Amino acid sequence: MHIVVCIKQVPDSAQIRVHPVTNTIMRQGVPTIINPYDLFALEAALALRDKHGGEVTVLTMGPPSAEDSLRKALTYGADRAVLLTDRFFAGADTLATTYALATALRKIGETYGPADIVFTGKQTIDGDTAQVGPGIAKRLGMLQLTYVAKIGALDLAAGTVEVERRSEGGVQMLRTKLPCLITMLEATNEIRRGAMVDALRAARAAIVKWSAQDAGVEDIAKCGLRGSPTIVKKVFAPPPRAEKAFMIEFGSEPPADALIAELFKRQPKLEADLVALARGF
Amino acid sequence: MSEPTKAPAAAGRASTKKELPEHFKAYKHVWVFIEQERGQVHPVSWELMGAGRVLADKLKVDLAAVVIGPEGEATRHAAAEAFCYGADLTYVVADNLLADYRNESYTKALTDVVNTYQPEILLLGATTLGRDLAGSVATTLLTGLTADCTALDVDTDGSLAATRPTFGGSLMCTIYTLNYRPQMATVRPRVMVMPDRVERPIGRIVTHPLGLVEDDIVTKVLSFLPDRDSAKSNLAYADVVVAGGLGLGSPENFQLVRQLATVLGADYGCSRPLVQKGWVPSDRQIGQTGKTIRPKLYIAAGISGAIQHRVGVEGADLIVAINTDRNAPIFDFAHVGIVTDAIRLLPALTEAFRARLSPHSRDRIAS
Ligand SMILES: Cc1cc2nc3c(=O)[nH]c(=O)nc-3n(C[C@H](O)[C@H](O)[C@H](O)COP(=O)(O)OP(=O)(O)OC[C@H]3O[C@@H](n4cnc5c(N)ncnc54)[C@H](O)[C@@H]3O)c2cc1C
Ligand SMILES: Nc1ncnc2c1ncn2[C@@H]1O[C@H](COP(=O)(O)O)[C@@H](O)[C@H]1O
């Protein structure tokens with residue numbers, strides 16, 4: 001079995017700046033991590049491989065420094081890492097990102113064997129759209145299972161997989177055919193610590209690096225900023241509320257009563273509402 | 001007031017040289033996808049009808065609802081209700097294969113209606129269903145999608161201006177889909193105000209066939225386990241919410257938040273780091289990647305007020321912030337602020353409210 005996990009390197013802190021001219025994110029100098037949501041996907045993939053055999057490939061599209069995240073994924077036990085990196089990919093929105101990743105996934109299939117399952121995280125902490133997974137699935141004509149809480153029976157002979165999927169009002173038990181794309185829900189597992197042998201292997205491992213051309217991109221115009229239908233036109237700090245907050249000043253004791261009096265003065269109906277609520281209406 | 005960064009001013013198409021490609025010029029009207037799961041319309045759909053009505057009126061075009069579901073009463077009712085929430089017309093794809101949400105069948109239904117009737121704007125709720133569907137539909141149509149918007153507007157030239165918080169920091173950004181149609185956006189529940197329901201007769205309904213048989217749909221629903229009511233947190237719709245942040249310092253201190261919430265008959269919530277630390281379950285997170293709330297009263301203790309938190313609470317009628325730092329950003333949008341140690345104030349507040357709201361004092365209010 002071949003499983004590919006898409007991981008993204010994301011900034012670890014909130015100290016992100018925006019380029020004043022291009023309105024894109026400037027990532028230099030900000031510490032980076034593997035998108036935390038992607039670790040749930042990676043662990044799910046490693047667990048399936050341990051049970052059923054096969055290989056796990058991790059794939060990321062990002063700057064050359066995204067190699068760090070791939071190496072980290074290898075220390076957890078991934079078998080192979082592919083870095084998709086090219087200046088043409090910069091500034092991609094979800095549609096352009098899925099074009100590049102889907103192209104690379106096809107190439108991975110041709111080179112290392114077709115993927116039975118592609119995993120993504122539920123969402124990233126920087127892009128935060130939860131759309132890249134569904135977009136990749138659609139482009140590859142794969143079935144998609146989003147918000148998966150648990151992977152049940154995987155029948156490689158029959159080519160089927162069963163999952164528990166979180167939906168708005170409950171949990172759906174679904175069965176679908178392989179190959180499929182699964183986006184894993186958070187907190188459904190915990191990433192393993194990784195064995196010493198994997199750490200040693202990861203330190204020496206060669207990371208596969210593909211440019212747009214290497215990955216088989218046919219139309220550069222579909223990549224990066226150029227290939228993005230959405231355009232960021234304005235970046236701005238939200239203004240403070242016009243009316244300043246009323247600050248309650250006090251002496252040595254925290255003024256609980258003064259605070260309550262101020263609230264009821266501002267919202268005369270609030271006291272009656274609270275009484276009703278406290279009674280359990 | 002903070003100045004916008006040195007970015008080009010928002011001007012939509014006017015600021016770009018490109019013309020909208022000819023084949024997109026026919027795309028007209030604002031659509032809202034009406035999400036129903038198991039016979040219930042998700043409230044976010046009606047909230048979006050309110051927002052969609054404003055956009056349609058500015059553009060002087062129609063507002064249409066798109067109802068997708070099984071044949072029968074629930075779908076008929078949803079279509080009729082759409083008119084009470086401002087629809088000028090409703091598109092309906094009704095087929096028993098649509099009884100359960102499945103990506104394949106719903107993607108086909110929605111993309112077919114879009115390709116046939118060509119809206120300029122398509123809005124969906126950013127729910128598990130809406131996000132699953134929106135990503136597939138936008139990729140099929142090869143158009144732009146702006147996820148989790150906090151404000152929607154139209155520009156002087158008629159482009160959709162979709163605003164959402166940007167990465168990591170304290171900035172918002174406004175995003176356009178200039179050269180593709182439809183312009184798609186998702187919005188989380190409770191971000192838009194629920195419009196008033198006005199009794200109206202059923203208007204024009206356009207039905208569209210699904211054009212699938214069960215064998216065409218690969219994914220099978222084996223079973224469905226509805227959530228127990230007790231397992232659901234009603235945070236998004238609570239009237240009073242008390243929340244704590246990292247300033248509380250420890251999971252034990254978070255109990256102070258729960259105690260105040262209990263006395264107030266309120267729901268409790270938290271900022272994201274508390275979920276990441278495992279102090280509080282994830283369905284209690286408030287903010288951009290958690291719940292958006294619109295309570296009558298919101299009390300935030302030890303929360304700094306980062307933009308991702310702010311967008312989730314700004315709809316509250318009365319925001320009270322308790323923070324030791326006078327310069328915390330939360331005081332930029334709170335109505336009432338108090339610079340003090342929350343760990344001391346919270347228990348005092350709990351006692352004071354208990355005294356105020358006890359049966360004894362209630363008699364006093366009544367008399
Ligand atoms: C993509 C993305 C999405 C995000 N989504 C969300 C989201 O949905 N919700 C969310 O909340 N965050 C979200 N965040 C995180 C957000 O940016 C902030 O990091 C987070 O809200 C900060 O949480 P906090 O206010 O609890 O902690 P801090 O920012 O550390 O603030 C703690 C505050 O407590 C005060 N304090 C300290 N001691 C005391 C005391 N004894 N009494 C009173 N006050 C005290 C401090 O002065 C400080 O202001 C997101 C971030 C990203 C990048
Ligand atoms: N640049 C990228 N490289 C690899 N995987 C990505 C990239 N961007 C997003 N993904 C995957 O898509 C998921 C959803 O991302 P998003 O749509 O940005 O919230 C992530 O959890 C990743 O698994």
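Per chain, numbering begins at 1; letters A, B, ... match sequence-line order. The analysis underlying the following values was restricted to heavy atoms, covering all of them including side chains, and did not include hydrogens, waters or symmetry mates. Keep in mind the model is a prediction, meaning the values are calculated, not measured.
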Inset, instruction - Please look at A:Leu270 and chain B and tell me whether the side chain, the backbone, both or neither of the residue comes under 4.5 angstrom of a heavy atom of that chain. - result: side chain

Legend entry - Part of B:Arg38 within contact of chain A (heavy atom distance under 4.5 Å): neither

Legend entry - Contact class of B:Ile319 relative to chain A, heavy atoms under 4.5 angstrom: side chain

Legend entry - Part of B:Val339 lying under 4.5 Å from any heavy atom of chain A: both

Legend entry - B:Leu142/A:Arg139 under side-chain contact (heavy atoms from CB on, under 4.5 Å): CA gap, chis, key distance, verdict: CA-CA 10 Å; B:Leu142 296 175; A:Arg139 285 186 181 274; 3.9 Å; yes

Legend entry - All side-chain hydrogen bond (donor to acceptor under 3.5 Å, both in side chains) counterparts of A:Arg226, not counting sequence neighbours: none

Inset, instruction - Return yes when atom NZ of A:Lys150 has more than 12 non-hydrogen atoms of other residues, nucleotides or ligands closer than 6.0 Å, and no otherwise. - result: no

Legend entry - Closest contact, heavy atoms only, A:Ala245 versus B:Phe331: CB-O, 3.6 Å

Inset, instruction - Give, for atom CD1 of A:Ile248 and atom CD1 of B:Ile338, the distance between the pair rounded to the nearest 0.5 Å. - result: 5.0 Å

Legend entry - Heavy-atom pair with the smallest gap, counting every atom of B:Tyr180 and A:Pro229: CD1-CB, 3.3 Å

Inset, instruction - Please report the C-alpha distance between A:Arg266 and B:His335 in whole Å, then the side-chain angles of each, then the deciding distance to 0.1 Å, and finally whether the side-chain contact (heavy atoms from CB on, under 4.5 Å) criterion is met. - result: CA-CA 9 Å; A:Arg266 284 173 172 259; B:His335 299 93; 4.2 Å; yes

Inset, instruction - Measure B:Thr350 against the heavy atoms of chain A and call it side chain, backbone, both or neither at under 4.5 Å. - result: neither

Legend entry - Short side-chain to backbone donor-acceptor contact, A:Gln144 and B:Asp132, under 3.5 Å: yes

Inset, instruction - Indicate yes or no: at least one non-hydrogen side-chain atom of B:Arg356 is less than 4.5 angstrom from one of A:Glu271. - result: yes

Inset, instruction - Dump the intermediate steps for salt bridge (Lys or Arg N to Asp or Glu O under 4.0 Å) on A:Glu249 and B:Arg326, then the final yes or no. - result: CA-CA 11 Å; A:Glu249 305 299 339; B:Arg326 186 170 287 275; 3.5 Å; yes

Legend entry - Qualifying residue, where the test is side-chain contact (heavy atoms from CB on, under 4.5 Å) with A:Thr176 and the options are B:Asn103, B:Val218, B:Ile217: B:Val218

Inset, instruction - For B:Ala138 and A:Leu95, work out which heavy atoms get closest and say how close. - result: O-CD1, 4.1 Å

Inset, instruction - Could you give me the CA-CA distance, side-chain angles and deciding distance for A:Leu259 and B:Leu349, then say whether side-chain contact (heavy atoms from CB on, under 4.5 Å) is met? - result: CA-CA 8 Å; A:Leu259 176 55; B:Leu349 206 51; 3.8 Å; yes

Legend entry - Under 4.5 Å from any heavy atom of chain B - which part of A:Arg166: both

Legend entry - Which atoms of B:Ala352 approach chain A - backbone, side chain, both or neither, heavy atom under 4.5 Å: both

Legend entry - B:Thr140, part contacting chain A, at a heavy-atom distance under 4.5 Å: both

Legend entry - Between B:Glu314, B:His42, B:Arg310, the one whose heavy-atom pairs under 4.5 Å with chain A are most numerous: B:Arg310

Inset, instruction - Please flag which part of B:Glu35 lies under 4.5 Å from any non-hydrogen atom of chain A: side chain, backbone, both or neither. - result: side chain

Legend entry - Non-neighbouring partners of B:Glu37 that pass side-chain hydrogen bond (donor to acceptor under 3.5 Å, both in side chains), sequence neighbours left out: none

Inset, instruction - Could you tell me which portion of B:Asp317 (side chain, backbone, both or neither) has an atom closer than 4.5 angstrom to a non-hydrogen atom of chain A? - result: both

Legend entry - B:Ala161 portion near chain A, given a 4.5 angstrom heavy-atom threshold: neither

Legend entry - A:Glu164 portion near chain B, given a 4.5 angstrom heavy-atom threshold: neither

Legend entry - Best-contacting candidate, B:Ala266, B:Ser223, B:Ala321, B:Ala147, against chain A by heavy atom pairs under 4.5 angstrom: B:Ser223

Inset, instruction - Could you verify whether a donor N or O on one side chain and an acceptor N or O on the other, from B:Gln288 and A:Asp128, lie under 3.5 Å apart? - result: yes

Legend entry - Option in B:Asp239, B:Leu145, B:Leu129, B:Asp100 with maximal non-hydrogen atom pairs under 4.5 Å from chain A: B:Leu145

Inset, instruction - For side-chain contact (heavy atoms from CB on, under 4.5 Å), just list the numbers for A:Gln123 and B:Arg131, CA-CA rounded to whole Å, side-chain angles, deciding distance to a tenth of an Å, and then say yes or no. - result: CA-CA 11 Å; A:Gln123 65 197 54; B:Arg131 287 175 140 203; 3.3 Å; yes

Legend entry - Engaged part of A:Tyr99 at the chain B interface, taking heavy atoms whose separation is under 4.5 Å: neither

Inset, instruction - Against chain A, label B:Ser282 side chain, backbone, both or neither, depending on which of its atoms sit under 4.5 Å from a heavy atom there. - result: side chain

Inset, instruction - Using a cut-off of under 4.5 Å on heavy-atom pairs, state which of B:Leu264, B:Asp341, B:Thr186, B:Asp148 scores highest against chain A. - result: B:Leu264

Inset, instruction - Search all heavy atoms of B:Thr139 against all heavy atoms of A:Gly135 and return the closest pair with its distance. - result: OG1-CA, 3.2 Å

Legend entry - Contacting moiety of A:Gln172, where chain B heavy atoms sit under 4.5 Å: both

Legend entry - Contact class of A:Ile136 relative to chain B, heavy atoms under 4.5 angstrom: neither

Legend entry - Straight-line distance of A:Leu185 CG to B:Thr128 OG1, nearest 0.5 Å: 9.5 Å

